[in-house]
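Quick notes on the structure that follows.
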2 protein chains.
Amino acid sequence: MFNEFHTTAEELIRHSGGRATAGRIGILAILLAEQQAITHREIEQRYPEALQLDRVTLYRALEWLAGKNLIHKVTSDDRVWRYHANRELHSHQHAHFKCTRCAQMICLSDLPIDQSWPLPIGYRFQEIELTVKGLCADCC
Amino acid sequence: MFNEFHTTAEELIRHSGGRATAGRIGILAILLAEQQAITHREIEQRYPEALQLDRVTLYRALEWLAGKNLIHKVTSDDRVWRYHANRELHSHQHAHFKCTRCAQMICLSDLPIDQSWPLPIGYRFQEIELTVKGLCADCC
DNA sequence: AAATAAACGCAACAATGTTGCAGTTATTGT
DNA sequence: ACAATAACTGCAACATTGTTGCGTTTATTT
């Protein structure tokens, strides 16, 4: 577990002005190593058993990381949040893809649609959340 | 509760080949009368107390109505499903708007974006789910 | 009016996430 | 290096939303 992601994770956390605890570093390292957005459950499974990490601590660490903009939270139709480390491209709004068979979830490129959406009069636009559903390469 | 929506609801249900029970009719009538997509909880509140309706029955009725395409289910970031009666325009995919303050949720016009989305090679497109977030007229 | 499949109500369960609080720990200042 | 302290953690208990199994009731058909 003490790989490049760990080092990066620790730097990012310190840079954000929070305490660099083992839990936060480990969690962020896992998310940095991952190509897809993964669930709380999946993070738990990847987390080394030896180190122990409470469910609640995981939830709180994720919340903190999201608040510091180091990761982002993705809504899904299965009522489960998925998390993904932020890269440069994620600082902007982007779409997500979800496989309807295996539930894999990846980030797509920036939103090619205009940010101003035709809303009813008096409504104010804030952001767009877009999920494309289909089959991933493995499930096709 | 025995208004025009009740009559319409009953017709729609019979036309779909299901048993026209008080629960289904009442639920569909509520959804037909509503401009926005509402939650299971909100349906329960609008349902006349005198008539009693079990939580489970409500869930099952909603599932059935969605299966028959009389209503549709909307995903939201608060992990709660919202339901809305289908009109002609809803037979096509459409976007939803959600107020970030009062959680009101309405349907927007058809998706103006092309159905084929730039996916990675080997991926297959199925559908798009799009939610615009912002403030509704009341909350602005 | 009886027969019957469909729908319902209840109880119990499952999954995901949250809150309160006492104990532990990373960091800061000396 | 050490003590002080705010920040973080772990546990237990809870909340919310939705699901399953099963015996009972009911809308529809004949």
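Nearest to the side-chain atoms of A:Arg41 among the listed nucleotides D:dG10, C:dT27, C:dT16 stands C:dT16. For B:Arg19, whose side chain is taken as the heavy atoms from C-beta onward, the closest listed nucleotide among D:dA27, D:dT19, D:dA7 is D:dA27. In the set C:dC8, D:dT19, D:dT16, the nucleotide with an atom closest to the side chain of B:Thr57 is C:dC8. You'll find that the side chain of A:Val56 is closest to D:dA12, out of D:dA12, D:dC8, D:dT9. Set against D:dC11, C:dT27, D:dG18, the side chain of B:Tyr59 has D:dG18 as its closest nucleotide. Nearest to the side-chain atoms of A:Trp81 among the listed nucleotides C:dG20, C:dT18, C:dT27 stands C:dT18.
A:Thr21 has a side-chain polar atom (N or O) that falls below the 4.0 Å cut-off from OP1 or OP2 of D:dT9. Of the side-chain N and O atoms in B:Arg55, none sit less than 4.0 angstrom from OP1 or OP2 of D:dG18. Within the structure, a side-chain polar atom (N or O) of A:Arg14 is placed less than 4.0 Å from OP1 or OP2 of C:dT27. Here B:Arg24 reaches the OP1 or OP2 of C:dA7: one of its side-chain N or O atoms lies under 4.0 Å away.
The pair B:Lys98-A:Glu129 does not meet the salt-bridge criterion, since no charged nitrogen lies less than 4.0 angstrom from a carboxylate oxygen.
B:Glu44 places its CD atom 12 Å from the C1' atom of D:dG18, with the value rounded to the nearest Å. If you take NE2 of A:His40 and P of C:dG17, they are 7 Å apart, rounded to a whole angstrom. Whole-Å rounding puts the B:Leu58 CG to D:dT19 C1' distance at 14 Å. In this structure, the CG atom of A:Asp54 is 14 Å from the P atom of C:dT18, given to the nearest Å. Atom-to-atom, CD of B:Gln52 to C1' of C:dG9 comes out at 10 Å; the value is rounded to the nearest Å. If you take CD of A:Gln45 and C1' of C:dT16, they are 15 Å apart, rounded to a whole angstrom. Atom CG of B:Asp77 and atom P of D:dT16 are 18 Å apart (whole Å). Distance CD (B:Glu42) to C1' (D:dT17): 14 Å, rounded to an integer number of Å.
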Query - A:Leu32 vs A:Leu12, side chain to side chain contact (heavy atoms under 4.5 Å, CB included): CA-CA, chis, key distance, verdict - result: CA-CA 11 Å; A:Leu32 284 169; A:Leu12 287 169; 4.3 Å; yes
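Taking the six-membered ring for Trp and the full ring otherwise, B:His72 and B:His94 have centroids separated by under 6.0 Å.
A:Asp78 CG to B:Arg79 CZ: the interatomic distance, rounded to the nearest 0.5 Å, is 10.0 Å.
Between the side chain of B:Arg60 and the base of C:dG9 there is at least one donor-acceptor pair of N/O atoms closer than 3.5 Å.
Looking at A:Asp77 and B:Lys73, their side chains never come closer than 4.5 Å, going by heavy atoms from C-beta outward. Side-chain atoms of A:Thr75 and A:Trp81, non-hydrogen and from C-beta on, do get closer than 4.5 Å to each other.
Each of A:Gly17 and A:Arg79 has a nearest nucleotide on DNA chain D; the 5'-most of these lies closest to A:Gly17. Each of A:Ala22 and B:Gly23 was assigned the nucleotide of DNA chain C with the nearest heavy atom; the assignment lying further toward the 5' end belongs to B:Gly23.
Here A:Ala20 lies in heavy-atom contact (under 4.0 Å) with sugar-phosphate atoms only.
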